[in-house]
Amino acid sequence: MHELSIATSIVETVLQEMQRRQLPAVETIAVRVGALSGVVPEALEFSFSAIINGTPLAGTRLAIEQVPLQGKCRNCGLDFSVVEFIFACPHCRSGQIEITKGEELEIAYLEVSS
């Protein structure tokens, strides 16, 4: 259950940012979670909601954007969606693939009250 440590890291990062920038209450924390990140979005959401009680982030919504896998063929240059974790170019069938999206795990933005 590494989602608990990830949620803890998100909370610590946002609290530091709130203090550093003197931000008002944070309404939403948006995170991008790639298909290859190994993170279960539901577990991350549950962990986040469990640890924010009693912090300045109580009531803050965690918005999770799931990023699908995208690849680029090193053989023919085609950009394509990787479906069902089949890492082969749909055009030339090459296995020489560069993953271009889907490994992300990042805080994308914060929405604060005005």
Side-chain angles (χ1 to χ4, degrees):
M1 178 126 182
H2 71 286
E3 284 82 0
L4 180 58
S5 64
I6 293 168
T8 301
S9 179
I10 291 169
V11 167
E12 290 172 353
T13 300
V14 171
L15 289 174
Q16 290 171 1
E17 197 64 15
M18 287 174 71
Q19 185 174 17
R20 188 173 75 83
R21 294 185 183 217
Q22 299 296 309
L23 294 176
V26 174
E27 296 177 351
T28 303
I29 301 170
V31 296
R32 290 190 183 105
V33 176
L36 279 183
S37 68
V39 173
V40 177
E42 295 81 10
L44 179 60
E45 205 165 4
F46 176 80
S47 298
F48 177 80
S49 65
I51 63 173
I52 60 171
N53 290 329
T55 75
L57 296 176
T60 299
R61 184 174 79 92
L62 184 66
I64 298 174
E65 176 190 348
Q66 297 184 51
V67 181
L69 275 173
Q70 293 282 315
K72 181 172 186 152
C73 179
R74 290 186 175 133
N75 188 44
C76 70
L78 179 71
D79 291 310
F80 62 96
S81 296
V82 177
V83 179
E84 297 182 2
F85 298 100
I86 298 172
F87 295 93
C89 176
H91 178 69
C92 72
R93 304 288 182 221
S94 171
Q96 299 297 314
I97 305 300
E98 174 187 351
I99 299 300
T100 56
K101 290 183 180 177
E103 297 177 301
E104 301 88 341
L105 178 57
E106 62 190 8
I107 297 172
Y109 62 89
L110 306 175
E111 289 180 1
V112 298
S113 59
S114 52

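If you're wondering where the values come from, they're calculated on a predicted model, not measured in any experiment.
Val31 is not listed as a side-chain neighbour of Ile6, based on a closest heavy-atom distance of 4.5 Å or more.
Cluster membership for Ile51 and Ile107, using ILVMFWY side-chain heavy atoms within less than 4.5 angstrom, is shared. Leu105 and Tyr109 are members of different hydrophobic clusters when ILVMFWY side chains are connected at heavy-atom separations under 4.5 Å. Connection of Val67 to Val40 is not established within any shared hydrophobic cluster, with ILVMFWY side chains joined at heavy-atom distances below 4.5 Å, either directly or through further cluster members.
Hydrophobic side-chain contacts under 4.5 Å tie Val82 into a cluster, directly or through other members, with Leu36, Leu69, Leu78, Phe80, Phe85, Phe87, Ile97, Ile99. Grouped with Ile86 in a hydrophobic cluster is no other residue, since no side-chain heavy-atom contact under 4.5 Å to another Ile, Leu, Val, Met, Phe, Trp or Tyr is found.
Paired with Ile29 under the rule side chain to side chain contact (heavy atoms under 4.5 Å, CB included), one option of Ile52, Val11, Leu62 passes, and it is Leu62.
Without hydrogens or angle criteria, Thr8 side chain to Leu4 main chain gives a donor-acceptor distance under 3.5 Å. Remark: side-chain polar atoms of Glu104 are paired, donor with acceptor, to backbone N or O of Gly102 under 3.5 angstrom.
Across all their heavy atoms, Pro56 and Met18 have their closest contact at CB-CE, 4.4 Å. Nearest heavy atoms, Leu15 versus Leu57: CD2-CG, 3.9 Å. Minimum interatomic distance between Gly54 and Ala58 (heavy atoms only, all atoms of both residues): N-CB, 4.3 Å. Here the shortest heavy-atom pairing between Thr60 and Val26 reads OG1-O, 2.7 Å. When all heavy atoms of His91 and Cys76 are compared, the closest pair comes out as CD2-SG, 3.9 Å. In terms of heavy atoms, Ala63 sits closest to Thr28 at CB-CG2, 3.9 Å.
Atom OG of Ser37 sits about 8.5 Å away from atom CD of Glu3, to the nearest 0.5 Å. Here CD1 of Ile64 is found 4.5 Å from CD of Glu45. Values are rounded to the nearest 0.5 Å. Distance check: Thr55 OG1 to Glu12 CD gives 11.0 Å after rounding to the nearest 0.5 Å.
In Gln19, the CD atom is not crowded: 12 or fewer heavy atoms of neighbouring residues, nucleotides or ligands sit closer than 6.0 Å.
Partners of Ser113 according to the side-chain contact (heavy atoms from CB on, under 4.5 Å) rule, which considers only residues two or more places apart in sequence or in another chain, are Pro24, Ala25, Glu27.
By the 4.0 Å N-to-carboxylate-O rule, Arg32 lies close enough to Glu106 to be salt-bridged with it.
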Practice problem: Check the pair Gln70, Asp79 against side chain to side chain contact (heavy atoms under 4.5 Å, CB included), reporting the backbone distance first and the verdict last. | Solution: CA-CA 7 Å; Gln70 293 282 315; Asp79 291 310; 5.6 Å; no
